[in-house]
There are 2 protein chains.
Amino acid sequence: MYQKKIPELLDCGLAVAIKVVGGKWKAWVIDCIRRGVRRPSAIHREMQAVNPRIVNLHLKELEEIGIIYKEIFAEVPARVEYRLTPVGQSILPVMEAMEQWGNENKEYINRHQAGYAPGNCALLQETN
Amino acid sequence: MYQKKIPELLDCGLAVAIKVVGGKWKAWVIDCIRRGVRRPSAIHREMQAVNPRIVNLHLKELEEIGIIYKEIFAEVPARVEYRLTPVGQSILPVMEAMEQWGNENKEYINRHQAGYAPGNCALLQETN
DNA sequence: CTGGATAGGGATAAATTTATCCCTATCCCT
DNA sequence: AGGGATAGGGATAAATTTATCCCTATCCAG
């Protein structure tokens with residue numbers, strides 16, 4: 001794991017929130033788990049576009065900061081499930097607010113910046 | 001300016017929101033302007049800890065995506081002021097939600113992760 | 001025994017963001 | 001003439017995050 005050389009500033013609430021949802025794919029991971037896609041393999045399947053190694057890193061970090069927790073079932077083919085902690089659940093409304101604002105304004109933002117490249121991101125689309 | 005090699009995915013609202021407030025200091029810049037600290041030199045003075053070059057980059061990007069706009073006064077010592085666009089103002093409640101969540105949970109988050117280093121970040125502290 | 005699914009991580013490279021250093025240019029004040 | 005404030009950016013390095021590749025290990029089905 002990478003050791004930071006510049007200490008993080010997590011005194012500011014906004015910085016803390018960004019640490020949780022600011023990674024390139026972390027919000028997607030959280031959304032998977034929220035919707036019940038709990039097993040690593042299932043998350044990997046849903047997030048085809050993302051390297052599983054990266055997803056694992058996000059899972060580990062989200063677990064370390066207490067957003068998700070891991071249950072390891074002592075079953076035959078070793079089953080693992082991730083779930084949201086209470087704190088993890090408490091950030092969902094914030095994510096929805098971000099998602100909603102973004103959806104309302106993405107055309108505007110994209111219009112104003114150069115280098116827009118269309119892509120696919122089903123993240124949080126079925127939030128309801 | 002750095003040219004992206006991997007195209008951005010801005011189809012997802014959350015990704016758009018993170019583009020706006022996700023940078024290391026962007027939220028602080030937005031908060032300065034929101035509070036009336038509008039001139040580049042004033043922003044630099046408030047954000048002592050941050051290299052002015054970086055602040056300028058953030059200002060430029062926020063302007064390019066239409067969150068802030070620049071007014072250049074044809075005055076004697078060339079005055080510049082940044083202000084929030086309507087869309088820029090519309091993200092303030094989202095930022096406040098993030099800030100509030102973070103403040104409520106930062107001890108928890110910090111407790112759960114190793115490598116916590118205290119720091120100072122007055123960002124959005126006087127939001128009211 | 002071979003193949004596929006499960007969960008996970010080391011080593012390394014690439015991409016991106018932040019940071020540092022230093023330079024231009026105008027104007028005002030002394 | 002020199003110093004400081006204003007606004008801004010080039011060149012480059014450092015830090016950090018993402019991406020790729022490939023390996024271990026267990027179990028089950030055929």
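Below, chains carry the letters A, B, ... as their sequence lines are ordered, and counting in each starts from 1.
- Atom CZ of A:R53 and atom C1' of C:dA14 are 15 Å apart (whole Å).
- Within 4.0 Å (heavy atoms only), B:I54 reaches at least one base atom of the nucleic acid.
- Residues A:K5 and A:V50 both approach DNA chain D. Their nearest nucleotides, taken by heavy-atom distance, put A:K5 toward the 5′ side.
- Within 4.0 Å of A:R79, counting heavy atoms only, lies no atom of the nucleic acid at all.
- Rounded to whole Å, atom P of D:dA15 lies 14 Å from atom CD of A:Q3.
- With respect to A:K19 and A:E8, a salt bridge is recorded, a charged nitrogen being found less than 4.0 Å from a carboxylate O.
- Listed candidates were D:dT6, D:dT18, D:dA7. Nearest to the side chain of B:V80 is D:dA7.
- The 5' end of DNA chain C is approached more closely, in terms of each residue's nearest nucleotide, by A:L59 than by the other of A:L59 and A:I6.
- Rounded to an integer number of Å, the gap from CG of B:L57 to C1' of C:dA19 is 10 Å.
- Picking from D:dT18, D:dA7, C:dT6 the nucleotide with the shortest atom distance to the side chain of B:R39 gives D:dA7.
- Checking C:dT17, C:dA19, D:dT16 against the side-chain heavy atoms of A:K4 singles out D:dT16 as nearest.
- Taking the side chain of B:N56 as heavy atoms from C-beta on, and the options C:dA19, D:dG9, D:dA7, the nearest nucleotide is D:dG9.
- The 5' end of DNA chain C is approached more closely, in terms of each residue's nearest nucleotide, by A:P40 than by the other of B:K24 and A:P40.
- A:Y82 comes within contact range of the sugar-phosphate backbone alone, with a heavy-atom separation under 4.0 Å but no base atom that close.
- Closest-nucleotide positions on DNA chain D for A:G23 and A:A78 were compared, and the one nearer the 5' end corresponds to A:G23.
- The OH atom of B:Y2 sits 18 Å away from the P atom of D:dA14 (whole-angstrom rounding).
- Side-chain contact of B:E96 with B:Q100: a donor-acceptor pair under 3.5 Å is absent, judged by distance alone.
- In this structure, B:R35 pairs ionically with B:E46, as a charged nitrogen and a carboxylate oxygen lie closer than 4.0 Å.
- As rounded to whole Å, 15 Å separates atom C1' of C:dT16 from atom CG of B:L9.
- When each of C:dT6, C:dT18, D:dA7 is scored by its nearest atom to the side-chain atoms of B:H58, the top-ranked nucleotide is C:dT18.
- One finds no side-chain N or O of B:W25 lying less than 4.0 angstrom from the OP1 or OP2 phosphate oxygen of C:dT17.
- Rounded to whole Å, the distance from CG on B:N51 to C1' on D:dA15 is 14 Å.
- By the 4.0 Å N-to-carboxylate-O rule, A:E81 lies too far from A:K70 to be salt-bridged with it.
- With a cut-off of 3.5 Å on both pairing distances, the Watson-Crick or G-U wobble partner of C:dA13 is D:dT18.
- Residue B:E61 contributes atom CD, which lies 14 Å from atom P of D:dG9 at whole-angstrom precision.
- The CD atom of A:E81 sits 13 Å away from the C1' atom of C:dT6 (whole-angstrom rounding).
- Between the CD atom in A:Q89 and the CD1 atom in A:I33 there is a gap of 11.5 Å [rounded to 0.5 Å].
- As judged by a 4.0 angstrom heavy-atom cut-off over every strand, A:K26 is placed among residues making no nucleic acid contact.
- Within 4.0 Å of A:H44, counting heavy atoms only, lies no atom of the nucleic acid at all.
- A cation-pi arrangement, defined by a distance under 6.0 Å to the six-membered ring centre and an angle within 45 degrees of its axis, is present between B:R79 and B:F73.
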